Trainee: 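Structure provided below as structure tokens; questions to follow.
All values reported here derive from a predicted model rather than from experimental measurement.
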Amino acid sequence: KNVEIKTGMGRGVDIGGRLVVTEGARKPDWKAISLLLDPIGGFQFADESPGPPDAAGAFRLVNVEPRDYRLRISGLGKGFYVKEVRYNGARADDGVFAVNGGALDQKLEIEVDDKPAVLTGTVKDGDHAVGEAHVVLVRWPVNPQDRRVSTTTTTADADGKFQLMGLVPAEYRYFAIRAAAKDKLQEPYVMDGLLQSAKKITLAANGMQTLEVEVVNP
């Protein structure tokens with residue numbers, strides 16, 4: 001038989017956005033940049049993905065549901081990173097913010113800088129390199145809403161060497177595990193335990209550091 005379902009409908013908010021560069025920094029190609037508004041704990045819809053910014057860096061998000069989001073940005077190119085995201089004037093760490101449906105003025109500003117940090121290194125087990133190791137770098141303090149947005153990973157090559165580019169200058173925690181143990185990071189409390197004993201590093205703007213990372217067992 002036919003089933004009747006009643007539901008309430010409501011329109012979201014429109015957010016005006018723009019990309020800006022840090023004073024003195026070079027400007028990337030705005031039109032090469034892609035933006036994605038990713039709902040935390042939900043699904044992304046087409047009307048939450050604006051087209052590329054115009055030549056002046058302006059864009060518009062239309063019909064956005066008031067909830068928690070992470071703004072994902074790609075296409076900046078080498079030599080650039082997102083220094084800060086600001087929603088209605090407030091800093092949004094890791095691009096995570098809650099859309100306020102009651103705000104009279106909806107503004108999103110993305111500040112881009114051309115002085116990212118670079119981290120290189122070698123994963124070892126004693127005197128031996130560990131090829132194909134899984135390297136984990138976590139920006140600190142970790143984002144309380146979703147730890148994944150603070151996490152950057154890479155896979156070392158056959159000689160245990162790795163490189164992470166375009167990093168935000170900040171404090172981090174880091175560790176490396178063997179490739180065969182990678183899936184263990186999805187198990188409860190494993191990541192928390194590894195972060196408690198992880199080593200610390202602070203990366204400066206335009207800085208480059210090289211590490212020897214001792215492989216650990218989850």
Trainee: Show me the side-chain donor-acceptor pairs of residues 124-140 shorter than 3.5 Å, one per line, residues at least two apart or across chains.
Mentor:
from   : atom 1 : to     : atom 2 : distance (Å)
Lys124 : NZ     : Glu212 : OE2    : 3.4
Asp125 : OD2    : Arg178 : NH2    : 2.5

Trainee: Checking Val216 now: which residues fulfil side-chain contact (heavy atoms from CB on, under 4.5 Å) with it, not counting sequence neighbours?
Mentor: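 Val216 satisfies side-chain contact (heavy atoms from CB on, under 4.5 Å) with Phe175, Ile177, Leu194 only.
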
Trainee: Is there a continuous path of hydrophobic side-chain contacts, each under 4.5 Å between heavy atoms, that joins Ile110 to Val13?
Mentor: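 Ile110 and Val13: one cluster.
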
Trainee: Please go through Val3's hydrophobic cluster and name the other residues, only I, L, V, M, F, W, Y counting, with side-chain heavy atoms under 4.5 Å joining them.
Mentor: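 Answer for Val3: Ile5.
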
Trainee: Mind listing the side-chain donor-acceptor pairs of residues 72-81 below 3.5 Å, one per line with the distance, residues two or more places apart or on another chain?
Mentor:
from  : atom 1 : to     : atom 2 : distance (Å)
Arg72 : NE     : Asp38  : OD2    : 2.9
Arg72 : NH2    : Asp38  : OD2    : 3.2
Tyr81 : OH     : Asp113 : OD2    : 3.4

Trainee: Measure across Pro28 and Val112 and return the closest heavy-atom pair with its distance rounded to 0.1 Å.
Mentor: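 Shortest heavy-atom contact: CG-CG1, 4.2 Å.
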
Trainee: Within the 3.5 Å criterion, strictly below it, is a donor on Asn143 or Ser150 matched to an acceptor on the partner's side chain?
Mentor: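 No pair is found: no donor N or O on one side chain lies under 3.5 Å from an acceptor on the other.
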
Trainee: Can you tell me how far OH of Tyr172 sits from CG of Leu164, rounded to the nearest 0.5 angstrom?
Mentor: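 If we round to the nearest 0.5 Å, Leu164:CG and Tyr172:OH are 9.0 Å apart.
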
Trainee: Apply side-chain contact (heavy atoms from CB on, under 4.5 Å) to Arg147 and list each qualifying residue two or more places apart in sequence or on a separate chain.
Mentor: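 Arg147: side-chain contact (heavy atoms from CB on, under 4.5 Å) contacts with Val142, Thr151, Met191, Asp192, Leu195.
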
Trainee: Using a strict threshold of under 4.0 Å (side-chain N to carboxylate O), is an ion pair present between Asp146 and Arg148?
Mentor: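 Answer for the salt bridge query: yes.
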
Trainee: Identify the two heavy atoms, one from Arg70 and one from Val149, that lie closest to each other, and give their separation to 0.1 Å.
Mentor: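 That would be CD-CG1, 3.2 Å.
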
Trainee: Working to the nearest 0.5 Å, report the span between NZ of Lys115 and NZ of Lys83.
Mentor: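 That separation rounds to 8.5 Å.
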
Trainee: Mind listing the closest non-hydrogen atom pair of Ala55 and Lys31 along with its distance?
Mentor: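 Closest approach of Ala55 to Lys31, heavy atoms only: N-CE, 4.0 Å.
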
Trainee: Do the side chains of Leu71 and Val82 get nearer than 4.5 Å, heavy atoms only?
Mentor: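 Not in contact.
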
Trainee: For Lys6 and Glu4: C-alpha separation, side-chain torsions, deciding distance, then whether side chain to side chain contact (heavy atoms under 4.5 Å, CB included) applies.
Mentor: CA-CA 7 Å; Lys6 294 182 179 180; Glu4 181 178 310; 3.4 Å; yes

Trainee: Can you sort out the partners of Lys182 under salt bridge (Lys or Arg N to Asp or Glu O under 4.0 Å), two or more places apart, ordered by chain and number?
Mentor: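 With sequence neighbours excluded, Lys182 shows a salt bridge (Lys or Arg N to Asp or Glu O under 4.0 Å) to no residue whatsoever.
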
Trainee: If the condition is side-chain contact (heavy atoms from CB on, under 4.5 Å), which residues does Lys199 pass it with, not counting sequence neighbours?
Mentor: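 Testing Lys199 for side-chain contact (heavy atoms from CB on, under 4.5 Å), a comparison that skips the adjacent residues, returns Tyr174.
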
Trainee: Scan Ile15, Asn88, Val99 and name whichever one has a side-chain contact (heavy atoms from CB on, under 4.5 Å) with Leu108.
Mentor: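 By the side-chain contact (heavy atoms from CB on, under 4.5 Å) criterion, Leu108 pairs with just one of Ile15, Asn88, Val99: Ile15.
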
Trainee: Rounded at 0.5 Å granularity, tell me how far CZ in Phe162 sits from OG1 in Thr155.
Mentor: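 Taking CZ in Phe162 and OG1 in Thr155, the distance rounds to 11.5 Å.
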
Trainee: Got a sec, which pairs hit ring pair (Phe, Tyr, Trp, His ring centres under 6.0 Å) with one end in residues 180-218, sequence neighbours left out?
Mentor: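 Residue pairs passing ring pair (Phe, Tyr, Trp, His ring centres under 6.0 Å), neighbours aside: none found.
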
Trainee: Just wondering, more than 12 heavy atoms not from Lys161 lying within 6.0 Å of its NZ?
Mentor: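 No, because the 6.0 Å sphere around NZ of Lys161 holds 12 heavy atoms or fewer from other groups.
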
Trainee: Give every residue pair that meets the side-chain hydrogen bond (donor to acceptor under 3.5 Å, both in side chains) criterion with at least one member in residues 10-23, sequence neighbours excluded.
Mentor: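 Qualifying pairs, neighbours excluded: Arg11-Asp14, Arg18-Glu109, Thr22-Glu111.
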
Trainee: Does Asp94 reach the main-chain N or O of Val96 with its side chain, forming a donor-acceptor pair under 3.5 Å?
Mentor: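 Pair absent, no side-chain N/O of Asp94 close to backbone of Val96.
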
Trainee: Is there a side chain to side chain contact (heavy atoms under 4.5 Å, CB included) between Glu84 and Val20 once you walk through the steps?
Mentor: CA-CA 10 Å; Glu84 190 170 275; Val20 299; over 6 Å; no

Trainee: For residues Val213 and Thr122, determine if any side-chain heavy atom of one lies less than 4.5 Å from a side-chain heavy atom of the other.
Mentor: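 Not in contact.
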
Trainee: Between Val85 and Leu167, is there shared hydrophobic-cluster membership here, with clusters defined by ILVMFWY side-chain heavy atoms closer than 4.5 Å?
Mentor: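 In one cluster: no.
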
Trainee: Sequence neighbours left out, what passes side-chain contact (heavy atoms from CB on, under 4.5 Å) with Ala58? Give chain and number order.
Mentor: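 So Ala58 forms a side-chain contact (heavy atoms from CB on, under 4.5 Å) with Asp54.
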
Trainee: Rounded to the nearest 0.5 Å, how far does OG1 of Thr154 lie from CG of Leu119?
Mentor: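 So the CG of Leu119 and the OG1 of Thr154 are separated by 10.0 Å.
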
Trainee: Search all heavy atoms of Val21 against all heavy atoms of Lys27 and return the closest pair with its distance.
Mentor: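 So the two residues come closest at CG1-CA, 3.8 Å.
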
Trainee: For the pair Gln209 and Ile201, evaluate side chain to side chain contact (heavy atoms under 4.5 Å, CB included) and give the outcome as yes or no after the intermediate values.
Mentor: CA-CA 9 Å; Gln209 294 197 44; Ile201 189 171; 3.4 Å; yes

Trainee: Using links of under 4.5 Å between side-chain heavy atoms of ILVMFWY residues, direct or through other members, which residues join Val118 in one cluster?
Mentor: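 Its cluster partners, ordered by chain and number, are Met165, Met208.
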
Trainee: Which atoms form the tightest heavy-atom contact between Asn100 and Gly102, and what is the distance?
Mentor: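 Smallest heavy-atom distance, with atoms named: OD1-N, 2.9 Å.
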
Trainee: Please identify each residue that fulfils ring pair (Phe, Tyr, Trp, His ring centres under 6.0 Å) with Phe97, with sequence neighbours left out.
Mentor: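 By the ring pair (Phe, Tyr, Trp, His ring centres under 6.0 Å) rule, Phe97 matches Tyr87.
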
Trainee: Can you name the nearest heavy-atom pair linking Ala204 to Pro169, along with the distance?
Mentor: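 The pair with the smallest heavy-atom distance is C-CB, 3.8 Å.
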
